[in-house]
Amino acid sequence: MRFTITTLGCKVNSYESNYYKEQLEKRGHQMVEVNSPCDVCIINTCTVTNTAAAKSRQKIHSLKKTHPNALIVVVGCYVQHADQQEREKLNVDLIIGANHKNELVMRIEELLKDHVRKDLVEDIRDFTSFEEMPIHVYESKHRAFLKIEDGCNQFCSYCAIPYARGRQRSLSKEKVIEIAQSLSNKGHYEIVLTGIHTGRYQDGDTTLAKLLKELLEKTDERVQYRISSIEITEVDDELIELMKQTTRICRHLHIPIQSGCNETLQRMNRPYTIEEFKQRLDHIRKEIPDISISTDVIVGFVQESEEEFETTYKNLEDFAFSFLHVFPYSKRNGTAASRMKGEVHGSIIKERVNKLLALSNKLRQKDMERFTDLEVLIEKQDQDGVYHGYCQQYHPVKIYSDVPLAARIHVTWDEIKDHTYIVLKKEGSLCD
């Protein structure tokens with residue numbers, strides 16, 4: 001069976017698509033390019049905004065036209081959030097929402113055999129257990145991802161994720177360690193712990209910090225760990241102390257702030273004030289001076305005035321993040337924010353986005369200049385023989401070398417160009 005996978009949305013969706021690919025190929029099926037002749041089209045959907053939902057619908061209809069004889073399988077957040085009538089209008093062969101994802105291969109093979117259409121979407125309130133979706137090997141043989149958590153209980157006013165993925169649930173500690181050991185044995189030097197709300201990992205009395213401590217003890221000392229994203233309220237003293245003790249937890253945290261203004265944060269239903277965020281940020285940096293901290297920002301949230309935006313801009317600048325992921329606010333039906341009055345005009349949002357992107361470039365340059373010696377995980381070599389990777393602080397690095405490079409090396413950069421460290425004809429040495 002020839003199949004294609006189209007992935008929309010976040011990194012967790014990308015992780016899950018990789019899982020589907022691995023499982024299908026284990027069964028002898030062949031992945032082909034999205035426009036190549038195929039038997040099954042899988043669309044992994046997103047619903048975080050109305051625009052994302054519309055893109056999911058458009059992609060489904062587009063692939064149905066491109067592959068009129070293929071079976072169409074739709075999975076993920078969009079179909080979970082859609083009502084039954086909307087799902088019926090899609091006129092596809094198999095629909096899987098937030099549950100039964102680890103049954104996708106079996107369900108596709110049933111579909112090929114029986115040709116009976118199925119909609120497996122269930123009430124999101126019924127999801128209490130974590131579906132295991134382990135990926136055992138990554139083609140790059142360097143960085144691997146390990147999904148340890150799913151769902152969210154936070155209910156930010158702009159976000160549909162709790163309605164599309166359900167409540168928080170975590171992979172058992174034993175299973176996390178087993179998968180990490182397997183990835184380590186296959187030669188992966190960095191494992192990224194990921195989830196919808198990774199910092200809320202909980203298995204009994206095992207928190208994220210306790211999990212990391214066990215992972216460090218029970219996997220090869222060459223393996224480092226990176227946290228994909230974490231809320232400021234979840235960077236507790238135990239995690240900070242653990243990071244102080246070892247460089248095997250990468251010196252980068254991505255901590256979403258979403259706004260730099262208290263009034264905006266209150267409307268967003270975020271669980272902190274700017275003062276609380278700054279106090280914790282200062283503490284993290286005091287304890288771990290060589291850390292870089294990046295963030296997410298939503299621009300043009302409902303009722304965001306010019307004064308509120310300027311407050312956000314000033315605080316983002318003062319907080320000295322290493323870079324910003326900037327998102328224009330986009331309404332999502334069914335969220336608390338979708339019922340608020342006072343939408344910001346699109347042209348104003350665009351102007352503010354551009355202003356923050358320029359700030360991000362300035363912040364990244366300043367953060368990169370803080371470091372001289374870099375520890376770099378080599379990820380690939382391009383056609384020109386240039387090596388590419390990321391340093392511990394998650395800044396990109398380009399290395400020109402006549403000597404073959406692999407794994408993790410130490411280098412000193414020569415220049416910063418286009419927000420990338422450049423290392424010129426410098427021989428790195430493998431770390432111990």
Side-chain angles (χ1 to χ4, degrees), residues 8-13 45-57 76-83 86 97-98 124-125 150-168 195-197 199-200 229-234 254-274 276-277 295-313 315-316 324-357:
L8 302 166
C10 66
K11 289 182 178 179
V12 178
N13 269 10
T45 60
C46 177
T47 196
V48 69
T49 63
N50 285 348
T51 302
K55 285 181 178 177
S56 293
R57 286 193 298 272
C77 294
Y78 165 65
V79 284
Q80 179 65 52
H81 195 255
D83 60 29
E86 189 174 351
I124 198 73
R125 292 169 293 188
D150 205 345
C152 182
N153 294 356
Q154 194 156 283
F155 288 94
C156 299
S157 65
Y158 51 82
C159 187
I161 295 304
Y163 309 102
R165 283 189 172 265
R167 304 300 180 265
Q168 291 165 197
I196 295 299
H197 205 144
R200 293 276 183 94
S229 181
I230 190 168
E231 295 284 351
I232 193 72
T233 52
E234 294 150 11
H254 187 77
I255 308 177
I257 191 170
Q258 306 303 8
S259 173
C261 172
N262 281 331
E263 289 76 14
T264 315
L265 287 173
Q266 190 172 16
R267 291 195 304 278
M268 289 177 165
N269 195 34
R270 297 290 287 170
Y272 48 80
T273 64
I274 283 302
E276 290 166 343
F277 195 104
T295 197
D296 291 339
V297 193
I298 295 173
V299 179
F301 186 66
V302 186
Q303 301 169 28
E304 183 185 65
S305 64
E306 189 64 33
E307 183 182 8
E308 287 184 0
F309 174 73
E310 288 303 324
T311 299
T312 288
Y313 185 95
N315 282 327
L316 292 176
L324 314 175
H325 283 159
V326 183
F327 303 93
Y329 171 68
S330 182
K331 183 167 141 182
R332 184 59 179 112
N333 295 342
T335 62
S338 70
R339 298 187 289 275
M340 296 178 184
K341 303 295 183 184
E343 289 188 22
V344 180
H345 193 275
S347 61
I348 295 174
I349 293 177
K350 186 175 180 181
E351 182 182 323
R352 292 176 183 174
V353 165
N354 289 335
K355 193 170 180 181
L356 286 187
L357 289 174

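In this text the structure is predicted, and so the values were computed from the model without any measurement.
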Problem set entry | Derivation of the side chain to side chain contact (heavy atoms under 4.5 Å, CB included) call for Tyr78 and Glu86 | CA-CA 10 Å; Tyr78 165 65; Glu86 189 174 351; 2.6 Å; yes
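- Note that CZ of Arg352 is 8.5 Å distant from CD of Glu308, once rounded to the nearest 0.5 Å.
- Under the rule for a ring pair (Phe, Tyr, Trp, His ring centres under 6.0 Å), Phe309 has no partner lying at least two apart in sequence or in another chain.
- When all heavy atoms of Gly199 and Ile230 are compared, the pair lying nearest together is CA-CG1, 3.8 Å.
- The closest donor-acceptor contact from the side chain of Asn269 to the backbone of Ser157 lies at 3.5 Å or more, if one exists at all.
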Exercise. Is there a side chain to side chain contact (heavy atoms under 4.5 Å, CB included) between Ile196 and Gln168 once you walk through the steps?
Worked result: CA-CA 8 Å; Ile196 295 299; Gln168 291 165 197; over 6 Å; no
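- Distance CZ/Arg57 to OG1/Thr45: 11.0 Å, rounded to 0.5 Å.
- A heavy-atom distance below 4.5 Å is found between the side chains of Gln154 and Pro271.
- At least one donor-acceptor pair under 3.5 Å links the side chain of Ser56 to the backbone N or O of Ala52.
- By the salt bridge (charged side-chain N to carboxylate O under 4.0 Å, His left out) test, Glu263 is found to be paired with no residue, residues two or more places apart in sequence or in another chain being considered.
- Partners of Phe277 under the ring pair (Phe, Tyr, Trp, His ring centres under 6.0 Å) rule, at least two apart in sequence or in another chain, are Tyr272.
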Exercise. For Ile257 and Ile274, what are the C-alpha separation, side-chain angles and deciding distance, and is it a side chain to side chain contact (heavy atoms under 4.5 Å, CB included)?
Worked result: CA-CA 9 Å; Ile257 191 170; Ile274 283 302; 3.9 Å; yes
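- Note on residues 154-167: pairs passing salt bridge (Lys or Arg N to Asp or Glu O under 4.0 Å), not counting sequence neighbours, are Glu16-Arg165, Asp150-Arg165.
- Considering all non-hydrogen atoms of both residues, Cys152 and His197 come closest at SG-ND1, 3.4 Å.
- Shown here for Tyr163 and Ile124, the closest heavy-atom pair between the two residues is O-CG1, 3.6 Å.
- One distance of note links CG of Asn315 with CG of Asn262; it measures 8.5 Å at 0.5 Å rounding.
- Annotation: Glu306, atom CD; neighbour count of heavy atoms from other residues, nucleotides and ligands within 6.0 Å is above 12.
- Residue pairs that meet the salt bridge (Lys or Arg N to Asp or Glu O under 4.0 Å) test with at least one member in residues 340-351, sequence neighbours left out, are Lys331-Glu343.
- Environment of CD in Gln266: sparse, with no more than 12 heavy atoms of neighbouring residues, nucleotides or ligands closer than 6.0 Å.
- Residues Ala164 and His81 approach most closely at CB-CB, 4.5 Å, considering heavy atoms.
- Thr47 and Arg332 share a side-chain donor-acceptor pair at under 3.5 Å.
- Distance check, rounded to the nearest 0.5 Å: CG of Leu324 to CG of Leu357 gives 8.0 Å.
- Heavy atoms of other residues, nucleotides or ligands lying less than 6.0 angstrom from NZ of Lys11 number 12 at most.
- Atom OG1 of Thr335 is separated from atom CZ of Phe155 by 12.0 Å, given to the nearest 0.5 angstrom.
- Counted by atom type alone, Gln258 and Arg270 present zero donor-acceptor pairs between their side chains at under 3.5 Å.
- Closest heavy-atom contact between Cys159 and Pro162: O-CD, 3.9 Å.
- Within the model, atoms CE of Met268 and SG of Cys156 stand 8.5 Å from one another, a figure rounded to the nearest 0.5 Å.
- Contacts of Tyr329 classified as ring pair (Phe, Tyr, Trp, His ring centres under 6.0 Å), with partners at least two apart in sequence or in another chain: Phe301.
- Counting all heavy atoms, side chain and backbone alike, Asn50 lies closest to Asn333 at OD1-N, 2.9 Å.
- With a 4.5 Å cut-off on side-chain heavy atoms, His254 and Asp296 count as touching.
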